[in-house]
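Accompanying notes for the structure given below.
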Amino acid sequence: MEPSGGAAKPSKVEAIKIASQYLYQQIADEYRNGLSHMSEDAATVLKFHGSYQQDDRDVRTQMKREGKEKSFQFMVRIRVVGGKLTAAQYLMADELARRVGNDTLRITTRQEFQLHGVLKEDLAYTMRTINEALLSTLAACGDVERNVLCCPAPTSDGIRTAMQADAARFASHCAPRASSYWDIWVDGEKIGNSALPPQGPILVPTAGDDPVEPIYGKAYLPRKFKTAFALPEDNCTDVHANDLGFLAVVENGELKGYNVLVGGGLGTTPSAQKTFPFLGVPLCYVDREGILEIGEAVIKVFRDFGNRSDRKRARLKYIIYDWGLPAFRAKIEEYVKHPLDDPKPVTVTDVDDHLGWQEQGDGKLSLGIPIENGRIKDEGTLRLWSGLRAFFEKYQTPARLTCQQSILLIDLEPSWKREIERLLEEYGIAQVERVSTVRRWSMACPAMPTCGLAVTEAERALPTVMDELETELAKIGLAGERITVRMTGCPNGCARPYNCDIGLVGRSATRNADGSPGPGTYTIFLGGRSIGDRLNVEFKDYVPFERVVPELAPVFARFAADRQPGETFGDFCDRVGVEALAGEPEPTPA
Ligand code: SRM
Ligand code: SF4
């Protein structure tokens with residue numbers, strides 16, 4: 001087998017990674033040079049340290065008109081393995097958002113925090129503060145193993161606790177080992193970090209292993225790599241969307257091991273047919289002790305055979321697609337030097353968002369609070385930012401971030417219930433019962449104004465779509481239906497729009513009559529499902545923002561009339577056929 005890019009010339013990013021000398025040089029040269037921004041090379045390396053150089057796109061045109069440089073700022077992603085946080089860590093992130101960020105904290109679809117609006121001169125302070133709270137930003141972005149996902153529910157059934165321990169062990173094993181991150185940001189001190197040491201010995205030694213970075217090598221991976229742990233009856237981490245998935249196999253109430261899924265990834269470029277979303281497929285079964293070995297082997301095969309010339313085709317999914325699963329499996333067996341066990345007959349069957357009050361099973365309670373599109377902020381009477389700070393200052397209990405961009409307050413005494421409800425009410429924070437089902441199950445990526453790749457709005461536009469959908473669904477008696485709606489400002493798939501019931505993907509920018517940026521057009525996808533194990537299909541393309549809900553209305557009407565008993569919206573669209581639905585006329589007004 002040859003690398004999937006063949007003998008083509010390596011991309012520019014490959015040379016930048018090698019020149020960085022293990023993620024050091026370009027940042028060390030530039031992070032204290034007094035400029036407001038970094039060069040493209042340094043910004044590329046900075047991603048591995050967990051930060052993206054961005055600019056405020058709301059003022060980009062104005063700055064240009066005034067002959068000023070862009071309004072540069074940085075996004076800093078705080079790695080939170082399995083979404084587990086202490087109260088002190090929450091309060092640290094909150095404080096940073098106030099001191100160096102834009103007064104908001106954002107929970108991501110991979111259960112991390114993002115700070116937005118950080119200035120370059122504040123990066124060192126920000127990184128050091130995060131490390132002092134025993135968290136890190138290392139490898140939150142970049143061509144490495146990203147944040148490892150795990151079901152965050154604090155249920156004391158032994159199974160989730162064991163799975164969370166496995167996820168932490170895996171994250172630690174795969175963390176980069178070079179010291180540049182600490183050398184630059186925390187003066188060489190490894191202050192301590194739940195995502196990092198101890199990293200343990202290399203389990204799949206190969207001739208190509210580098211002495212400093214034995215898993216990654218000098219050029220790190222060809223592209224990002226993502227891993228998730230999930231339970232069949234609770235796929236809250238969207239395991240099929242990951243390069244590597246561990247789907248729990250439980251026997252007699254005990255976590256025995258995992259079915260290993262490979263090749264999930266959602267990013268696509270509509271104009272390039274060689275790119276497409278793909279869901280992870282079962283490779284083998286491993287017991288709990290086997291997760292590091294199999295994971296290391298998959299990462300190393302990706303390292304050695306991934307496409308290093310064309311970054312659009314550099315994800316693991318393309319190796320599996322190009323080679324076929326049997327050849328990929330044979331290569332993994334070559335790396336681990338033993339045959340793999342076949343996957344067990346275990347598949348994803350349901351999903352839980354863990355919101356509302358729940359018994360933990362140890363006498364304590366958890367409370368999952370819905371955070372619309374993950375943005376913790378104060379706006380009008382809804383003061384999420386202040387309310388959550390007040391909560392953590394008072395109770396000092398831990399929290400968990402979910403992959404649906406929400407937060408779970410955990411380890412709560414039942415006797416605190418009324419008092420906590422009063423506190424949340426004081427800050428206008430709605431509990432899940434007061435949020436519509438469709439809003440509860442929706443997500444949007446940040447898009448404008450921070451994301452450099454956005455072509456349309458998403459986070460700022462979805463609330464309007466939700467208002468309209470709530471009205472439409474209530475009108476035809478579907479208000480209680482679990483329908484997952486996910487919106488992104490471009491086709492990269494950050495809110496995972498390709499495996500849910502209704503995907504709304506930013507397609508093209510539009511302008512208002514006065515020349516100001518308009519709301520954009522979207523591609524609507526239907527026929528995936530809430531449990532995330534089926535890709536949806538294009539329903540309509542280039543739909544103007546204000547036409548999104550009117551285009552969906554006839555489909556809802558037909559679903560209400562023709563669904564089979566117990567059939568979900570996604571299953572209905574899949575059964576009837578998305579193409580057939582695209583031909584439905586709009587209902588005439590009553
Ligand atoms: Fe993402 C790039 C935000 C989850 C696929 N993603 C970006 C960047 C960094 C834009 C950039 O490269 O300049 C976005 C920063 C925007 C901003 O202003 O903050 C960004 N991605 C996000 C987050 C914050 C969306 C959210 O609503 O929470 C998520 C952060 C997760 C985290 O904590 O690590 C986020 N991104 C995802 C997911 C979902 C997942 O992993 O479960 C995907 C699809 C799965 C996948 O990887 O295939 C995803 N992001 C992408 C891609 C397309 C990758 C590809 O293979 O083509 C890009 C573009 C790229 O890498 O070049 C991207
Ligand atoms: Fe940016 Fe596109 Fe990701 Fe949205 S989906 S955050 S617009 S890269």
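In each ligand, atom 1 is the first atom listed, and ligand 1 is the first ligand listed.
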Other residues, nucleotides, ligands: >12 heavy atoms within 6.0 Å of Arg98 CZ: yes

Modelled atom types, side-chain donor and acceptor of Thr523 and Asp541, under 3.5 Å: yes

Of Glu69, Glu121, Lys70, the residue whose pairing with Ser36 passes side-chain hydrogen bond (donor to acceptor under 3.5 Å, both in side chains): Glu69

CD/Glu40: more than 12 non-hydrogen atoms of other groups inside 6.0 Å: no

Atom 1 (Fe) of ligand 2: protein N, O or S atoms [distance under 2.8 Å]: Cys451 SG

Stepwise side chain to side chain donor-acceptor pair (under 3.5 Å) test for His37 and Gln53: CA-CA 7 Å; His37 61 283; Gln53 178 161 290; 5.8 Å; no

Minimal non-hydrogen separation, Met92 against Leu135, with atom names: CE-CD1, 3.9 Å

Ring centers of Phe276, Tyr318 separated by less than 6.0 Å: yes

Near ligand 1, at a heavy-atom separation below 4.0 Å: residues by chain and residue number: Tyr52, Gln54, Met75, Arg77, Arg106, Thr108, Thr109, Arg110, Glu112, Gln114, His116, Arg223, Lys224, Lys226, Gly265, Leu266, Gly267, Arg315, Gln405, Ala444, Cys445, Pro446, Thr450, Cys451, Leu453, Asn492, Gly493, Cys494, Arg496

Asp143: which of Arg315, Lys17, Lys47 passes salt bridge (Lys or Arg N to Asp or Glu O under 4.0 Å): Lys17

Parallel, tilted or perpendicular: rings of Trp185 and Tyr31 (30°, 60°): perpendicular

